[in-house]
Amino acid sequence: MKGLLELKKVYHYYGKAKALEEINLTVEDNSLDAVIGPNGAGKTTLLRAISGLEEIDRGRIIFNGERIDELEAHEIAGRGIAHCPERRRLFYDMTVMENIQLGAFTLKDKAKYSKLLDFVFEIFPRLHERMKQRAGTLSGGEQQMLAIARSLMANPKLLLLDEPSLGLAPKVKSRIFEAILQIKQEGTTTLLVEQDAVLAMAVADTIYVLEDGKIEMSGTREELEKEPRIKRVYLGI
């Protein structure tokens with residue numbers, strides 16, 4: 001099966017330790033897929049490998065029909081992949097609006113810029129209220145909203161979201177995931193890495209379970225909820 005993104009037998013090592021082992025993964029166009037797993041499973045490494053921040057040791061990564069694992073990170077971004085990293089990585093001394101504008105640095109289409117700006121303010125109205133405020137003075141939830149908004153301003157074909165609910169209160173988590181669903185409905189293909197399996201499985205089309213660098217199982221929410229180990233380890237049932 002061919003998808004927008006395909007990983008074929010991808011391996012990545014840190015020294016002699018395997019961080020990723022024979023990863024096979026397909027993300028279809030217009031889908032929202034999730035990777036769940038415990039801390040240290042390799043979830044962040046997986047996204048960093050896709051966006052070119054980590055060099056894979058074996059295998060192939062294909063995006064939109066083109067092999068990208070031999071490209072530099074900025075070239076991969078230029079192909080239409082936006083990476084919203086764990087712990088936000090904002091420019092904290094700059095304003096909300098300046099961070100948003102930086103996300104659109106390579107976007108030359110002014111009409112598209114205006115449309116994207118309207119969309120991010122629609123899904124995150126709090127950012128519109130805080131436009132002139134320095135990013136470092138925002139709450140944790142607002143900073144996460146800004147990190148996602150900045151990534152969306154690049155007009156990506158594929159959005160990589162790394163632990164968007166990390167460290168947030170339950171109510172704020174819910175708001176972030178409502179926005180993620182709106183992003184999907186708008187037509188942006190998304191690959192989500194998330195430790196909160198309940199939230200991830202509630203929104204994802206396909207869920208991949210990554211443990212010790214390997215994909216141990218995958219399927220829809222309905223399929224995985226039938227697995228006793230998933231229920232016990234990830235859903236607390």
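Along the sequence shown, the residues carry numbers beginning at 1. Values in this document were obtained by computation on a predicted structure and should not be read as measured data.
Residues Ile81 and Ile148 fall into different hydrophobic clusters, defined by Ile, Leu, Val, Met, Phe, Trp and Tyr side chains chained together at heavy-atom separations under 4.5 Å. Residues Ile176 and Leu181 share a single hydrophobic cluster, defined by chaining ILVMFWY side chains whose heavy atoms lie under 4.5 Å apart. Hydrophobic clustering, with ILVMFWY side chains joined whenever heavy atoms are under 4.5 angstrom apart, groups Phe121 together with Phe119. Grouping the Ile, Leu, Val, Met, Phe, Trp and Tyr side chains by contacts below 4.5 angstrom, directly or via other members, places Met153 with Met131. Note on Leu161 and Ile61: separate hydrophobic clusters, where clusters join Ile, Leu, Val, Met, Phe, Trp and Tyr whose side-chain heavy atoms are under 4.5 Å apart, directly or indirectly.
For CD of Gln182, the number of neighbouring non-hydrogen atoms (other residues, nucleotides, ligands) closer than 6.0 Å is greater than 12. For CZ of Phe91, the number of neighbouring non-hydrogen atoms (other residues, nucleotides, ligands) closer than 6.0 Å is 12 at most.
Nearest heavy atoms, Ile56 versus Ala49: CG2-CB, 3.8 Å. The nearest pair of heavy atoms linking Gln133 to Leu138 is NE2-CD2, 3.7 Å. Of all heavy-atom pairs between Glu86 and Arg89, the closest is O-NH1, 3.3 Å. Nearest heavy atom pair, residue Asn30 against residue Gly187, reads OD1-O, 3.1 Å. In terms of heavy atoms, Ile36 sits closest to Met201 at CD1-SD, 4.2 Å. Arg67 and Gly59 make their closest contact through NH2-O, 3.3 Å (heavy atoms, listed as atom of the first residue, atom of the second, distance).
Side chain of Glu225 to backbone of Glu222: no donor-acceptor contact under 3.5 angstrom is found. Between the Ser51 side chain and the Leu47 main chain, a donor and an acceptor come within less than 3.5 Å of each other. One N or O on the side chain of Lys43 and one on the backbone of Gly37 form a donor-acceptor pair closer than 3.5 Å. Although no hydrogens or angles enter the test, the distance criterion places no donor-acceptor pair under 3.5 Å between the side chain of Glu66 and the main chain of Phe63. Using a distance-only test at 3.5 Å, with no hydrogens or angles considered, no donor-acceptor pair links the side chain of Gln144 to the main chain of Gly141. Of the possible donor and acceptor atoms, none in the side chain of Glu72 sits under 3.5 Å from a partner among the backbone N and O of His74. In this structure, Asp205 contributes its side chain and Asp33 its backbone to no donor-acceptor pair below 3.5 Å. A donor-acceptor pair under 3.5 Å is formed between the side chain of Glu142 and the backbone N or O of Ser139. Between the Glu163 side chain and the Gln195 main chain, a donor and an acceptor come within less than 3.5 Å of each other.
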Are Leu152 and Ile123 close enough, and set up right, to give a side chain to side chain contact (heavy atoms under 4.5 Å, CB included), and what steps lead you there?
CA-CA 11 Å; Leu152 286 172; Ile123 62 173; 3.9 Å; yes
May I have the step-by-step check of side chain to side chain contact (heavy atoms under 4.5 Å, CB included) for Leu146 and Leu90, ending in yes or no?
CA-CA 8 Å; Leu146 180 54; Leu90 298 170; 3.9 Å; yes
Would Leu20 and Tyr11 count as a side chain to side chain contact (heavy atoms under 4.5 Å, CB included) if you check the C-alpha gap in whole Å, the side-chain angles of each, and the deciding distance to 0.1 Å?
CA-CA 5 Å; Leu20 299 173; Tyr11 286 75; 5.9 Å; no
If you apply the rule side chain to side chain contact (heavy atoms under 4.5 Å, CB included), what do you find for Tyr13 with Arg58, and how did you get there?
CA-CA 9 Å; Tyr13 298 85; Arg58 285 162 56 192; 3.8 Å; yes
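The side chain to side chain donor-acceptor pair (under 3.5 Å) analysis of residues 149-162, with sequence neighbours excluded, yields the pairs Thr44-Asp162.
Atom OG1 of Thr190 and atom CD1 of Ile180 lie 7.5 Å apart (nearest 0.5 Å). Rounding to the nearest 0.5 Å places CZ of Arg48 at 12.0 Å from CG of Leu46. Rounding to the nearest 0.5 Å gives a distance of 4.5 Å between CD1 of Ile68 and CD1 of Ile76. Considering CG of Asp196 and OH of Tyr234, their distance stands at 12.5 Å, rounded to 0.5 Å. Interatomic distance, CG of Leu25 versus NZ of Lys8, reported as 12.5 Å (0.5 Å rounding). In this structure, the separation between CG on Asp29 and CG on Asn64 is 7.5 Å, given to the nearest 0.5 Å.
Electrostatic pairing of Arg229 and Glu211 counts as a salt bridge here, judged by a charged N lying under 4.0 Å from a carboxylate O. Salt-bridge annotation for Glu22 and Lys214: absent, with no side-chain N of the basic residue lying under 4.0 Å from a carboxylate O of the acidic one. Comment: Glu227 does not engage Lys231 in a salt bridge, judged by the lack of any side-chain N to carboxylate O separation of less than 4.0 angstrom.
Checked against Thr189 for a side-chain contact (heavy atoms from CB on, under 4.5 Å), the options Leu159, Leu32, Leu158 give a single hit: Leu158.
By the 30° and 60° cut-offs, the orientation of the rings of His12 relative to Tyr14 is perpendicular.
Residues Asn24 and Ile215 are not in side-chain contact: their nearest non-hydrogen atoms beyond the backbone lie 4.5 Å or more apart. In this structure, the side chains of Thr137 and Arg134 come closer than 4.5 Å at one or more pairs of heavy atoms. At a threshold of 4.5 Å between non-hydrogen side-chain atoms, the residues Glu216 and Tyr208 do not count as touching. Counting only heavy atoms from C-beta outward, the side chains of Lys171 and Arg175 never approach each other to under 4.5 Å. The side-chain heavy atoms of Ile207 and Val35, taken from C-beta on, include no pair separated by under 4.5 Å. With contacts defined as side-chain heavy-atom distances shorter than 4.5 Å, the pair Leu4/Glu28 does not qualify. Side-chain atoms of Val10 and Arg60, non-hydrogen and from C-beta on, never get closer than 4.5 Å to each other. The side-chain heavy atoms of Pro156 and Thr188, taken from C-beta on, include a pair separated by under 4.5 Å.
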